[in-house]
Protein chains: 2
Amino acid sequence: MNDLVSSTDLASEADEPKTLAEAAYRQLRRDIIEGVHRPGEKLRVEHLKDQYEVGAGTLREALQLLVTDALVVAQGQRGFRVAPISLDDFADITRTRVLLETSALQQSIELGDDTWEANVVAAFHMLSRAEDKLIEGAKGTREEWELRNRAFHEVLISACPSRWIRHFQNILYHQSERYRRLSLFRQPIPRDVHAEHQAIVDAALARNSAEATRILSEHILRTLDAVRQLPADFIN
Amino acid sequence: MNDLVSSTDLASEADEPKTLAEAAYRQLRRDIIEGVHRPGEKLRVEHLKDQYEVGAGTLREALQLLVTDALVVAQGQRGFRVAPISLDDFADITRTRVLLETSALQQSIELGDDTWEANVVAAFHMLSRAEDKLIEGAKGTREEWELRNRAFHEVLISACPSRWIRHFQNILYHQSERYRRLSLFRQPIPRDVHAEHQAIVDAALARNSAEATRILSEHILRTLDAVRQLPADFIN
DNA sequence: ATAATCAAAAATCTCGAGAAAAACTGTTGA
DNA sequence: TCAACAGTTTTTCTCGAGATTTTTGATTAT
């Protein structure tokens, strides 16, 4: 059992950045997901190149990479801006995630070996611990919970052999994370999330793929309701 | 009935290029799909900038855009190369396409209005005409058939409201086109492709989504077999 | 007061040169 | 004969300045 997350993404992700452009790309992505740069905000190269301490051309490259993730939109000859958000978009993201992630889970359950099972159990354990700390109200634990939540979902579908599904799923996860940050801010994690995760693990290890995908669907769709109950001016 | 193909893609596609980088991007994409640049081939910026008549930085941007479509892979600090191809990859692409396209078709059949029906019929007619010309053996008609085949598949799912599914489907279509070019070269279009398209149209207009998705699945998966029967050294 | 027009300002896009890294080649030693 | 090493060459990556385009602000006429 070496590394839990073996992110074999199409655009290599796990390693450390080997170029300035990629370093800037990661910082920018993080800032956009965390809301430092607001949805719809214009991203002026001249300003940002100082802030991220790279040349203009390099920052342009970083922005171009973010277009790949659809976190930034490029408008012809009118520069870049942060991708806008909307309820419709989030609903679309969520439903598409369900489609991809259930299919991936189904294949994972079908093909996963002992190591996969062990990884699932381990990731679930890590996540549970993070939830305990979160309930205690310790500081800075939300970040850790986010990381482990993501790791858990990634490990669940890690035995799915389709690199394309995992690639798309990865993009959508980044997208939905942006929305989830908004909803989590107001509404702390409800207690039954843990029970849902537990149920998914149980069904997965029992190789009951119908049950597992059903629970996973409801689990993902629940975040949609959470965002829907936000005050309307959050998403405009 | 204005324009048949209203490509409302995430990365705007239909319009004409408004920047040199985008123009170079399109030419490069076309050349890669058509096999001018072979799979795995190294793409040296110094050579290509002369060939496509743009500056080095501009060409780099175009290459970065192609990474989005996964037609080009960027390797840390060792430049770019054309994405390699393999049978496994094509199988993955095809299966993922089935997953996305059947889901999209299902929603299209559920939500499509009269205009959608009309567009489907029209696109099918255009495609049929192209097939006639293809059988006659006129020159340069393969290009036209490709375009209309693509338009047909696009129109079929055009009533699907999910921009994300259409976005991913678009990427995968570009990918599979590269493989299909190889197989079509040897094996001209079999006659029953037309019958399959006809069956899809009939089922779609009859709002029989189970039947339509079933035929569409088989239709897409058939290209997989076609490539599988190629001599092995085509894909290495 | 509103709308249209035109000029100034800001931002984007593009390019070529310099610095850093990787690949290649010929040589040396076992 | 093969492997390792060092210098050379090639290629990539980065940066800042110039050319175009878009946006802003003020002026004028209706």
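All chains are named by letter (A, B, ...) in the order of the sequence lines, taking the proteins before the strands, and each is independently numbered beginning at 1. The shown structure was predicted, so the numbers you read here are calculated from the model rather than taken from an experiment.
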Any base atoms under 4.0 Å from B:Gln77, or only sugar-phosphate, or nothing? Heavy atoms, all strands.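 The residue B:Gln77 makes sugar-phosphate contact but no base contact.
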Which part of the nucleic acid, if any, lies within contact of B:Leu43, taking any heavy atom under 4.0 Å across all strands shown: a base, the sugar-phosphate backbone alone, or nothing?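 It contacts sugar-phosphate atoms only.
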What one should report as the nearest heavy-atom pair of A:Phe90 and A:Thr223 is CE2-O, 3.7 Å
Ignoring backbone atoms, test whether A:Arg78 places a side-chain nitrogen or oxygen under 4.0 Å from the OP1 or OP2 oxygen of D:dT23. yes
Which residues pass the side-chain hydrogen bond (donor to acceptor under 3.5 Å, both in side chains) test with [X], not counting sequence neighbours?
{"X": "B:Arg148", "answer": "B:Glu144"}
{"X": "B:Gln169", "answer": "B:Glu101"}
{"X": "B:Asn149", "answer": "B:Tyr173"}
{"X": "A:Thr102", "answer": "none"}

Partner residues of [X] under the salt bridge (Lys or Arg N to Asp or Glu O under 4.0 Å) criterion, sequence neighbours left out:
{"X": "A:Arg129", "answer": "A:Asp132"}
{"X": "A:Glu117", "answer": "A:Arg207"}
{"X": "A:Glu177", "answer": "A:Arg181"}
{"X": "B:Arg30", "answer": "B:Glu34"}

Sort and list the pairs that fulfil salt bridge (Lys or Arg N to Asp or Glu O under 4.0 Å) and have at least one residue in residues 55-65 of chain A, not counting sequence neighbours. A:Arg60-B:Glu61, A:Glu61-B:Arg60
Between atom [atom1] in [X] and atom [atom2] in [N], what is the gap in whole Å?
{"X": "B:Phe80", "N": "D:dT11", "atom1": "CZ", "atom2": "C1'", "result": "12 Å"}
{"X": "B:Lys49", "N": "D:dT11", "atom1": "NZ", "atom2": "P", "result": "12 Å"}
{"X": "A:Leu20", "N": "D:dT14", "atom1": "CG", "atom2": "P", "result": "5 Å"}
{"X": "A:Tyr25", "N": "D:dC13", "atom1": "OH", "atom2": "P", "result": "16 Å"}
{"X": "A:Glu22", "N": "D:dC13", "atom1": "CD", "atom2": "P", "result": "11 Å"}

With heavy atoms of chain A within less than 4.0 Å as the criterion, where does contact along DNA chain C begin and end?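 Range of nucleotides within reach of chain A: C:dA11 to C:dT14.
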Based on the rotation axes of five pairs at each end, what angle does the helix from C:dA1-D:dT30 to C:dA30-D:dT1 bend through, to 10°? 20°
For the residue pair B:Trp164 and B:Phe168, does the interplanar ring angle fall in the parallel (under 30°), tilted (30 to 60°) or perpendicular (over 60°) class?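 Aromatic pair B:Trp164/B:Phe168 classed tilted.
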What residues in residues 54-64 of chain A put a non-hydrogen atom under 4.0 Å from any atom of DNA chain D? A:Val54, A:Gly55, A:Thr58
